[in-house]
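A short worksheet on the structure shown next.
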There are 2 protein chains.
Amino acid sequence: MSKRRSITIIDIAKELGIAPSTVSRALSGHSKISPETRDKVMAVAKKWNYVPNKIALSLKNQETRTLGLIIPEIVHYFFSNVISGIEEVANKNGYSLLICQSGESLEREIKAVSTLVRQRVDGLIICCSRETEEFDHVEKLPENKGVPVVYFDRVPPNSKHPKIIVDDLMGAKQATAHLIEQGCKNIAHLAGPENLLISRNRLSGYRLALQNAGRQPKTELIKYCKEGTTEVGFAKMNELLNQEVIPDGVFANNDIIALGAMMAIKKKGLKIPEDVAVIGYSNWQLSEFMEPGLSSVNQPGAEMGEQACQCILNYIESDEPVEFFSPIILPSSLVIRGSSLRKRSAQIKVLNAGG
Amino acid sequence: MSKRRSITIIDIAKELGIAPSTVSRALSGHSKISPETRDKVMAVAKKWNYVPNKIALSLKNQETRTLGLIIPEIVHYFFSNVISGIEEVANKNGYSLLICQSGESLEREIKAVSTLVRQRVDGLIICCSRETEEFDHVEKLPENKGVPVVYFDRVPPNSKHPKIIVDDLMGAKQATAHLIEQGCKNIAHLAGPENLLISRNRLSGYRLALQNAGRQPKTELIKYCKEGTTEVGFAKMNELLNQEVIPDGVFANNDIIALGAMMAIKKKGLKIPEDVAVIGYSNWQLSEFMEPGLSSVNQPGAEMGEQACQCILNYIESDEPVEFFSPIILPSSLVIRGSSLRKRSAQIKVLNAGG
DNA sequence: ATAAGCAATGCAAACGTTTGCATAAAAGAT
DNA sequence: ATCTTTTATGCAAACGTTTGCATTGCTTAT
């Protein structure tokens, strides 16, 4: 591409034999510019198709009106919902969105942070990768005055930056309680990676619900799934089905794992939910269309994105460096479908898990 | 946020009592800098956590190493795959990605183009909204020397810019031919909006396959779905099922419509595929998990993104303004699952539709 | 008639980098 | 001891905008 030079305020000024500053003021509707000059400038600007150069403005104003977003994978229903929510709010406030995916790799996450800081984004919204256990690459940004950061979903345990999370513990507790209420005696849990706070919270919620019902969580009914794939879900569910104590209910760390589990159960010739009730997490789009429909804990992705974006905009615009103590916790809600509904009496309903 | 000033090359220069140019050269490993100076500069840069300012560089070099992407909706399996593919290639080549969603609205699409041009993206990758029928907002960018543009998926009929599309006609033809081969006598089509080239191509492919089999396409078996939702698919399928000629096969413009159609068929007490065989388009993630699994024409989203990105990078870097005649056509392939498989003999297989 | 006030515009600096050219000092050649 | 070469560094311009502070030419009040 032969270097294209777009026309500038200076070009317009030369054409009219006036100063660039006059053109600038005319274009921005400054009061002290005579109507004739203004009109002439406008005409030339239109004729040449003038487009203001945001780069020059960014340099001068020391702000880019751009937000950086780092997420593990774009191709996830939850994450694409989050992006969508963020984009919506950003756009409405005149901000643009620069997106990097870490691909669940810490190395790429670090690189992404560096790229975005170089680009001088006004703020950074991050959901950490599965690999991330240390957070210095974000926490110790430019030592002096750091870039505003907001974490969401997968957040570091100790950080002064704002955090937006869904109430995983509550969601998991409700899901498990629901299985208990449906008459399940041996409820298994297909857990996520131990280093992720969200996985630990879901596990805790599972345990808590059992304890509240006066039951002791059994370690042999908890299986860790390092990756969130149907294959892993299938394999781990098979392990469970081949043990002495066969579970009659299973709560999975996410819908994809739950799907794998459903496959394993069907293949074994067992019925869902009669023999084994299943409940997932995240309420992926596909859960609705499964057979039976997969019950799941709904994570409000778009809302989370909106909140995260609103939060960072406030952060950016607040003059005082704000101190953030507790995370913003969004309520998750249980969506009950066929995969867990054993009692005819109960209708398909949505229980709010936020209380 | 109290205005943070990140440290610059000038700060380093002052600290060491040398010129900014020397610092610049030292940092970039220029040969004519003495090792001592270089080391001192490096040390200070590290101490102060210096991060180069890409904005200043962009202004000077007249390139931002940033690509703009405009898509209708991020929350679509196909589109999020495309984004992922683009991001991958962009990242590998040192480019960043600025994303806007048009929400299928022409107005927002126009605004997005303007935003991205202001930001001085080095190139623009666009998939037009459903509403878009006129393309001047893209085609007549800065009249003089325009920003490189690449269209994908939904492309304007006449444009000198590169276009990446999937072979919709061929895919639709294969899908319809497959239904014929499975013994369907009355094959209906749930078509997309008439203004979209891709919809028209799919319709053409449907017609072509019928004609090749010596059949006459019947207008009463073609229903247009303006929106791609299960509701519309459900409604339109119901219309079909209440006509005199009940179809025993249906080819839908996309998987979501196909899903709606499946619901209508089941509700009517008919069996899939025995009474009505169904086939969709786009091979969404959820198609695999339906019951029966939904046959679908696979659109290689990630690959499309990669190609689009590679294409625009070539475009940007080529010195000569290139002339593009015919679009790059990616082969689509038929993924056959339970929803269309009536003959036991045929195994679940993937037919390549690209030939 | 002169000072004061106002309206319209221009000047120049600043934002952070890079880079061609000039300069300075030191080393080498005669 | 002088001239050339080499080596290391500095100067200044450029990228496109905005904006505080002049500056100019008028009009209005005294």
Side-chain angles (χ1 to χ4, degrees), chain A residues 3-42 44-45 48-66 117-122 142 144-145, chain B residues 3-42 44-45 48-66 117-122 142 144-145:
Chain A
K3 282 288 164 225
R4 60 209 144 80
R5 215 189 64 86
S6 24
I7 67 133
T8 72
I9 269 190
I10 301 182
D11 297 327
I12 301 179
K14 274 186 190 150
E15 163 114 3
L16 292 170
I18 59 179
S21 48
T22 307
V23 176
S24 170
R25 281 188 262 251
L27 289 171
S28 60
H30 197 286
S31 60
K32 297 290 181 59
I33 293 293
S34 73
E36 316 143 39
T37 312
R38 181 163 44 74
D39 293 348
K40 274 193 291 182
V41 169
M42 290 297 195
V44 177
W48 292 74
N49 216 324
Y50 168 73
V51 178
N53 187 325
K54 228 185 139 221
I55 298 297
L57 247 175
S58 294
L59 183 59
K60 174 144 186 45
N61 294 346
Q62 299 282 75
E63 59 163 27
T64 52
R65 299 224 127 218
T66 294
V117 172
R118 281 171 133 77
Q119 306 247 21
R120 292 294 191 275
V121 292
D122 291 344
N144 24 355
K145 304 246 179 94
Chain B
K3 283 286 167 230
R4 61 210 142 76
R5 218 192 60 88
S6 24
I7 67 132
T8 72
I9 269 190
I10 301 182
D11 297 327
I12 299 179
K14 273 187 190 146
E15 162 113 2
L16 291 170
I18 58 179
S21 47
T22 307
V23 176
S24 170
R25 282 187 261 250
L27 288 171
S28 60
H30 197 284
S31 59
K32 296 291 180 60
I33 294 293
S34 74
E36 314 143 41
T37 310
R38 179 163 45 74
D39 293 348
K40 274 194 291 183
V41 169
M42 290 297 195
V44 177
W48 291 77
N49 217 326
Y50 168 73
V51 179
N53 187 325
K54 231 188 136 216
I55 299 296
L57 247 175
S58 293
L59 183 59
K60 174 148 185 44
N61 293 347
Q62 299 281 76
E63 59 161 28
T64 53
R65 299 223 127 220
T66 294
V117 171
R118 281 170 134 76
Q119 304 248 22
R120 294 294 192 275
V121 293
D122 290 344
N144 25 354
K145 303 247 179 94

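Letters go in sequence order (proteins before strands), and every chain restarts at 1.
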Give a yes or no on whether the backbone of A:S58 and the side-chain of A:N61 come within a donor-acceptor separation of less than 3.5 Å.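 No, the answer is negative, given that no donor and acceptor are paired below the 3.5 Å cut-off.
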Counting distance only, does the side-chain N/O of A:S24 pair as donor-acceptor with the main-chain N or O of A:T22 below 3.5 Å?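 No.
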Please classify the nucleic acid contact of [X] as base, sugar-phosphate, or nothing, using heavy-atom distances under 4.0 Å.
X: A:T8; result: sugar-phosphate
X: B:T37; result: sugar-phosphate
X: B:I18; result: sugar-phosphate

By side chain to side chain contact (heavy atoms under 4.5 Å, CB included) - contacts of B:R65 (at least two apart):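 Once residues adjacent in sequence are excluded, the partners of B:R65 under the side chain to side chain contact (heavy atoms under 4.5 Å, CB included) criterion are B:K54, B:E63, B:Y95, B:D122, B:E317.
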Span of DNA chain C, from the first to the last nucleotide whose atoms fall under 4.0 Å of chain A heavy atoms: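 Answer, 5' to 3': C:dA8 to C:dG16.
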Counting just side-chain N and O atoms, does B:S34 come under 4.0 Å of either OP1 or OP2 of D:dA8?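 No, outside the criterion.
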Closest nucleotide of DNA chain C for A:K32 versus for A:S21: which of these residues is on the 5' side?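 First, find each residue's nearest nucleotide; the 5'-ward one identifies A:K32.
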Please list, chain by chain and in numerical order, all residues satisfying side chain to side chain donor-acceptor pair (under 3.5 Å) with A:T37, sequence neighbours excluded.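 Applying side chain to side chain donor-acceptor pair (under 3.5 Å) to A:T37 gives A:S34.
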Any side-chain heavy-atom pair from A:P20 and A:K14 closer than 4.5 angstrom?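 Not in contact.
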Does the side chain of A:T66 reach to within under 4.5 Å of the side chain of A:Q119, using non-hydrogen atoms?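 In short, these two side chains do not touch, never coming nearer than 4.5 Å.
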Of B:H30 and A:I10, whose nearest nucleotide on DNA chain D comes first from the 5' end?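 Looking at the nearest nucleotide for each, B:H30 comes out on the 5' side.
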